[in-house]
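Notes follow once the structure below has been shown.
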Amino acid sequence: MAAAAAAAELALVKPISYKFGRPSAGARRGGASLVVRMSSAAPPLPPAAKTARPKKAPKNTQIKETLLTPRFYTTDFDEMESLFNTEINKNLNEAEFEALLNEFKTDYNQTHFVRNPEFKEAADKIQGPLRQIFVEFLERSCTAEFSGFLLYKELGRRLKKTNPVVAEIFSLMSRDEARHAGFLNKGLSDFNLALDLGFLTKARKYTFFKPKFIFYATYLSEKIGYWRYITIYRHLQANPEFQVYPIFKYFENWCQDENRHGDFFSALMKAQPQFLNDWKAKLWSRFFCLSVYVTMYLNDCQRTAFYEGIGLDTKEFDMHVIIETNRTTARIFPAVPDVENPEFKRKLDRMVEINEKLIAVGESQDLPLVKNLKKVPLIAALVSEILAAYLMPPLESGSVDFAEFEPQLVY
Ligand SMILES: [Fe+2]
Ligand SMILES: [Fe+2]
């Protein structure tokens, strides 16, 4: 959401520039989040990336950054360490985390991500405008998965001493995300492209979120990922004539990984009741839900050709995913937006219209100053629409399980 995400995220996001090679001191210390995205139609890569490209290797693609681009995140690892210190935090339910760890160790999908010749054959048949939009889908998905890999890997490393069980779960989740990102990147090779993930790791900006916000954001992104994958999977099972590329057949087991990741964050939040049980938590919960839903809706409405290409109605698909994610999220977040109120969708649709006008201004031949002047009222309209959606009466929610924790909070 060129501007929508801006409005929603600027309050939180403090981008930290990475120099080539090594993150800045500030970023290493603790706070940067990073967003990645690429498009094969984007401008040429900087020299560092070009020289690393072997001959005859698939063409590396480049990132075109927008506020709607999947992000790379970093956090305050020192604060994370104190949150997961069992000496300090008596709410950490060791038995629950041990059980979760065993689940992750089982590694249900160890042999799931195996490719076959169908992939390349199917990719060769995807031609015309759908081909470009398909590539973009693979790139964005790969970037989002890789973003999870980077964050979880670092958390696994940093929490090892403080809380080995939680640390190992993070490491095993990074294993899953690496697998997902790798599988998507192999999909790109079917289209003779590849994402240079090593280059991205070093060259992209990371966005910093405090641990509390990392929990809200990652919980939501795992659960929304689950609902997106399972919805596409079920739709294609029912309508196999739209099964244009075999990757979707893998989504059923794949989304179970995302579901488990989300459940882990749910357990983490329950162990940090201060992030769930006051009025600030309610405001932030609604804010994060709205940011995630609006971002997805505006993103997907710019890519209807992809969803139509696999037989889905973009807005119907998105509303289904938003409603299901919101119902799931209501089990743990103390408040969520009332997305089933028809007014919510009307507001999203108005945001799409405004965003389309913003994109048209951006793509026009006007001088930069003229473009900016034309954008101002549109951005104001978008912000006021988002604000109005935020101020709609929310649903009070929260976990039944969470109530079990409350007696422990009263010392
Ligand atoms: Fe994943
Ligand atoms: Fe995940």
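Whatever order the structure lists them in is the order used to number ligands and atoms, beginning at 1. Since the structure is predicted, the reported quantities are computational estimates derived from the model, not experimental observations.
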N/O/S from D176 sitting under 2.8 Å away from the Fe ion (ligand 2) = no
inquiry  = At a threshold of 2.8 Å, where the distance has to be below it, does the Fe ion (ligand 2) have an N, O or S atom of H261 nearby?
reply    = yes
message = Using modelled atom types and a 3.5 Å cut-off, is there a donor and acceptor pairing between side-chain atoms of Y73 and backbone atoms of A217?
response = no
remark   = Row for the Fe ion (ligand 1): angle OE2 (E258) to OE1 (E145), 10° precision, value 120°
message = Checking the side chain of K371 only, and the main-chain atoms of G362 only, is there a donor and an acceptor separated by less than 3.5 Å?
response = yes
query = So, E353 and K357, do they make that salt bridge, N to O below 4.0 Å?
reply = no
ask   = Going by the angle between their ring planes, with limits at 30° and 60°, are F134 and F248 parallel, tilted or perpendicular?
value = perpendicular
task = Describe, in one word, how the ring planes of F251 and Y229 are oriented to each other, choosing from parallel (under 30°), tilted (30 to 60°) and perpendicular (over 60°).
result = tilted
query = So does E177 have any N/O/S atom less than 2.8 Å away from the Fe ion (ligand 1)?
reply = yes
inquiry  = Only N/O/S atoms count here: what is the atom of H180 closest to the Fe ion (ligand 1) called?
reply    = ND1
query = Closest to the Fe ion (ligand 2), which N/O/S atom of E222 is it?
reply = OE1
